[in-house]
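Start at 1 with the first residue, then count along the sequence. Atoms within each ligand, like the ligands themselves, are counted from 1 in listed order. These numbers come from a predicted model, not from an experiment.
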Amino acid sequence: MKLVADLHIHSHFSRATSKDLTFEHLHKWAQIKGVQVVATGDIAHPGWLQEMHAKLEAAEDGLFRLKEELASAIREQTPAACRTPVRFLLGGEISNIYKRGGKTRKIHNIVFAPSLDAVERLQTRLERIGNIRADGRPILGLDSRDLLEIVLEVDDRCHLIPAHIWTPWFAMLGSMSGFDSVEECFADLTPHIFALETGLSSDPPMNWRVSNLDRYTLVSNSDAHSPQKLAREATLFDTELAYDALFAALRTGDPERFLGTVEFFPEEGKYHLDGHRKCGVCWEPTTTLAHNGICPQCGKVVTVGVMHRVEVLADRAPGEKPARTHPYYSLVPLPEVLSEVHGVGASSRAVDQEYYKLLHRLGSELYILRHAPLQEIAAAGGMRLAEGIGRMRAGQVDMAPGYDGEYGVVHVLGGSTPQIDLFAGLIPSPRTVAPPNRYRKSSSQRR
Ligand SMILES: [Zn+2]
Ligand SMILES: [Zn+2]
């Protein structure tokens, strides 16, 4: 069964997240977005565990669903064309902050459990180490390797995936926070790591350049802090609906069962290039090196982004590929496409109305972005929308890359690219190599 999964999100117990991150809203938004398996988020938090007990019931092995009385009470809030069963998988993020080798490491890891009992045992173990009640994503003074040991002791069906591995401040390979390899981070327990989360600022081709990541399956998730951000990145499966089947697909990377990922254009991520947001300095890695990493505005060291960090660890040239790769599909969120088509803000009323109109007519957001025939999109939302989605599927976008915490901007209606022939029936094809030099704006224009 083909499944879209989003395995890294947060609950309302995490700092700086939406009050709407409840199981009811997640159940509804998973359908709107087109996701069948969504992580619960925040499995280290006792309050969230209470809500799991109160609102979820066991479904297939290791998976859960919203209780029927709760689901039926909100059924009408989901457009009929989007309605689909939703399963929850128990998984959440932990922030590990610790010293190793004389350096402070700050690393985020996502942890998964097959049962509520396992979650309870995990919380008991973690509560001895630090405060798990203050934040849905607890900060623990615990080595990532030792967290993995606890996870494996709690239940041998528990798993750990390092989160958004390239982000500068909180990641396994982060320039300011991490290590240079998986082995350095997880030491003797490295064989238990089988998948890595690429994060919003990197895509598979960037990861392919580092050969010591070849054996890991690359996953993508939304890291959503509100239900509306669900599935902005996601992981694609063709397996039975069961906890062990999903992880077996990730462990083996079997291309029949693990179908790849849905991605942001990595330039949209907040840490793609280098620079200083406050100083308006945005640099590609070579420019940063030419300035010895020093910001000309404030004289301090610039924040080194994901592109630069990849360049430092890479042992393959851009465009080179390992023997084993999986497909990936680069998308722009539908509200952003609509914002461009209609020339109004992505969170405006006009975009919201148009968004729901399309959901009612065509189906879920991911269906519209990935699969809906362009003729049908044109009929439901107009030629400009169809053209924008056609360009996005073909990778014909203009971008201003993100840097130093500032999200990048991607335009699908740039005007300089050739017209998409709507009636050629363009269907999305996986992108297998990164197009060379995708930046339309030079770093000097950004300053
Ligand atoms: Zn994180
Ligand atoms: Zn500066």
Side-chain angles (χ1 to χ4, degrees), residues 6-11 13-18 21 39-45 48 91-98 105-112 132 134-140 142 144 147-148 160-179 185 195-202 219-226 229-230 232-235 264 269-271 273-284 287-306 308-309 402-407 443-444 446-447:
D6 185 350
L7 303 178
H8 178 181
I9 69 153
H10 289 277
S11 80
F13 285 105
S14 277
R15 297 256 168 91
T17 59
S18 163
L21 282 165
T40 57
D42 296 0
I43 59 168
H45 196 277
W48 194 229
E93 189 180 42
I94 288 166
S95 177
N96 296 75
I97 301 188
Y98 55 103
R105 318 289 177 160
K106 299 182 184 174
I107 295 172
H108 288 182
N109 293 296
I110 342 168
V111 169
F112 301 95
I132 57 170
D135 189 342
R137 179 183 59 205
I139 298 171
L140 299 176
L142 175 65
S144 296
L147 172 64
L148 176 54
L160 183 150
I161 297 179
H164 45 69
I165 58 171
W166 293 103
T167 54
W169 303 105
F170 296 100
M172 186 184 69
L173 299 178
S175 57
M176 309 297 209
S177 57
F179 296 90
C185 183
L196 305 172
E197 187 186 62
T198 60
L200 301 179
S201 299
S202 95
V219 300
S220 280
N221 301 299
S222 70
D223 199 353
H225 288 206
S226 69
K229 297 272 195 255
L230 219 60
R232 57 186 174 172
E233 292 204 331
T235 302
F264 257 31
K270 287 195 281 189
Y271 293 102
L273 293 186
D274 307 336
H276 267 166
R277 176 163 50 160
K278 285 195 186 119
C279 302
V281 171
C282 171
W283 285 344
E284 293 195 35
T287 316
T288 308
L289 292 173
H291 287 80
N292 292 317
I294 302 300
C295 172
Q297 300 294 320
C298 71
K300 292 185 187 142
V301 176
V302 298
T303 301
V304 168
V306 164
H308 191 131
R309 183 64 179 152
Y403 67 107
D404 194 26
E406 180 90 6
Y407 278 109
S443 53
S444 60
R446 299 270 297 165
R447 271 182 273 153

Residue and atom, protein N/O/S, under 2.8 Å of the Zn ion (ligand 2): His276 ND1, Cys279 SG, Cys295 SG, Cys298 SG
Could you tell me how the ring of Trp48 sits relative to the ring of Phe13: parallel (under 30°), tilted (30 to 60°) or perpendicular (over 60°)? perpendicular
Apply the side-chain contact (heavy atoms from CB on, under 4.5 Å) test between Cys295 and each candidate in Asp274, Thr288, Val281; give the one that qualifies. Val281
Taking ring pair (Phe, Tyr, Trp, His ring centres under 6.0 Å) as the test, write out the residues that go with His308, two or more places apart. none
With side chain to side chain contact (heavy atoms under 4.5 Å, CB included) as the criterion, how do Val219 and Leu7 come out once you've worked through the C-alpha distance, each side chain's angles and the decisive distance to 0.1 Å? CA-CA 9 Å; Val219 300; Leu7 303 178; 5.8 Å; no
Has the side chain of Ser222 got a donor or acceptor atom that lies under 3.5 Å from a matching backbone atom of Arg232? no
Could you check whether the rings of His108 and Phe170 sit parallel, tilted or perpendicular, using 30° and 60° as the cut-offs? parallel
Tally every protein N/O/S atom whose distance to the Zn ion (ligand 1) is less than 2.8 Å; waters are neither shown nor counted. 3
Partners passing ring pair (Phe, Tyr, Trp, His ring centres under 6.0 Å) against His276 (at least two apart in sequence or in another chain): none
Donor-acceptor pair, Ser14 side chain versus Arg137 backbone, under 3.5 Å? yes
Determine, stepwise, if the pair Tyr403 / Val302 fulfils side chain to side chain contact (heavy atoms under 4.5 Å, CB included). CA-CA 10 Å; Tyr403 67 107; Val302 298; over 6 Å; no
